[in-house]
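Comments concern the structure below.
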Amino acid sequence: MVELKTDSSIDAMYEAGQVVARALTAARDAADVGVSLLELDALAREVLREAGASSPFLGYRPSFAPTPFPAVLCASVNDAIVHGIPTTYRLRDGDLVSLDFGAELNGWVGDSAISFTVGTPRPADLRLIATAERALAAGIEAAVVGNRVGDIAYAVGSVCRAGGYGVPDGFGGHGVGRHMHEDPPVPNEGRPGRGLRLRHGMVLAIEPMLVAGGGDTYYAAPDGWTLRTHDGSRAAHVEHTVAITDSGPRVLTAR
Ligand code: MG
Ligand code: MG
């Protein structure tokens, strides 16, 4: 069931979204050659603590996961697409990092992700990240009253495919609210004019995931969480929580 949020609930979700934005900015600013993924997780925990917020990621255990998620931040490096567990791994020159983060504040959740490079970037990675950001922007632009979920999916997928990138099958965005994952699913590919009609008060996470090698498949690493590309090619993942309103899309996790 899709829950429509009141305007005051959307304002409250914006506050949660801004905690997410601050944590991602802090982690990105700190990420550098030699910095460990666990250090970035610790920074994000500090932002939650200061805000009086909690983590919807920590202890999360969806059906596919063998263990509860042990961190507040997903850190996916290079060929990791999403759901990377922060470890003692220290970032290296040229790494491509995707950070996904959620916060729960006053009972409302925000969810957002960024991709960036560390040290000297590879041109191919910059192009991949720029395309991911364009796909997200196209998805947000399509998140307007009267459109359908398929219009968002089509907008996102078209940008990814036009860049020659793969789109991992079966993963994508979702409704957000009191829970991190609500209805409806928001796929990263779809047909325009299809699916649920968008209405004022819907809040959706839109989250393109792109694979440089063009493949749509992935495998779960031995940790049971991290999804990696089959061909070792690099991946990018960006996400915003977006409210659909009569005055247009409102990006609740804007940085
Ligand atoms: Mg996320
Ligand atoms: Mg999400």
Side-chain angles (χ1 to χ4, degrees), residues 2-3 5 13-14 16-28 37 40-41 44-45 47-48 53-65 68-77 80-86 97-105 108-116 129 132-133 135-136 139-140 143 149 152-153 156-157 160 167-190 202-210 218 225-227 235-244 249 251-255:
V2 175
E3 185 204 349
K5 278 76 178 179
M13 290 190 72
Y14 178 80
Q18 289 309 294
V19 176
V20 178
R22 287 203 297 279
L24 285 176
T25 297
R28 181 189 184 143
L37 301 179
L40 300 182
D41 187 69
R45 283 180 199 245
V47 172
L48 286 175
S54 60
S55 170
F57 287 22
L58 185 64
Y60 186 59
R61 190 175 180 183
S63 55
F64 66 80
F69 196 75
V72 302
L73 185 72
C74 292
S76 306
V77 180
I81 308 168
V82 288
H83 301 163
I85 296 176
V97 185
S98 298
L99 301 178
D100 190 351
F101 183 76
E104 182 177 334
L105 182 71
W108 295 103
V109 172
D111 186 12
S112 181
I114 52 175
S115 285
F116 56 90
I129 293 167
E133 288 172 348
L136 177 57
I140 293 169
V149 168
I152 297 175
V156 168
C160 301
V167 180
D169 199 21
F171 279 89
H174 48 87
V176 190
R178 296 222 173 250
H179 301 97
M180 180 165 57
H181 291 132
E182 297 187 353
D183 283 336
V186 183
N188 285 330
E189 286 200 286
M202 285 183 185
V203 180
L204 305 176
I206 302 172
E207 48 181 313
M209 303 163 195
L210 287 72
Y218 46 81
W225 274 99
T226 314
L227 300 184
H237 173 220
V238 294
E239 175 181 27
H240 272 308
T241 298
V242 181
I244 289 151
V251 181
L252 305 181
T253 46
R255 294 183 297 278

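Remember, it's 1-based here, ligands and their atoms both numbered in the order they're listed. Predicted, not measured: the structure shown is a model, and the values here were computed from it.
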Is the distance from the ring center of Y60 to that of H83 below 6.0 Å?
no
*Is the ring centre of W108 less than 6.0 Å from the ring centre of Y14?*
no
**Prompt:** Side chain of H174, backbone of M180: donor and acceptor closer than 3.5 Å?
**Reply:** yes
Taking the Mg ion (ligand 1) as the apex, OE1 on E239 and OD1 on D100 give an angle, to 10°, of 100°
_If you count heavy atoms of other groups shown closer than 6.0 angstrom to CG of D183, is the number above 12?_
yes
Hey, is there an N, O or S on H174 sitting under 2.8 Å from the Mg ion (ligand 2)?
yes
In D111, the N/O/S atom nearest the Mg ion (ligand 1) carries the name OD1
Answer key: the N, O or S atom of E207 nearest to the Mg ion (ligand 2) is OE2
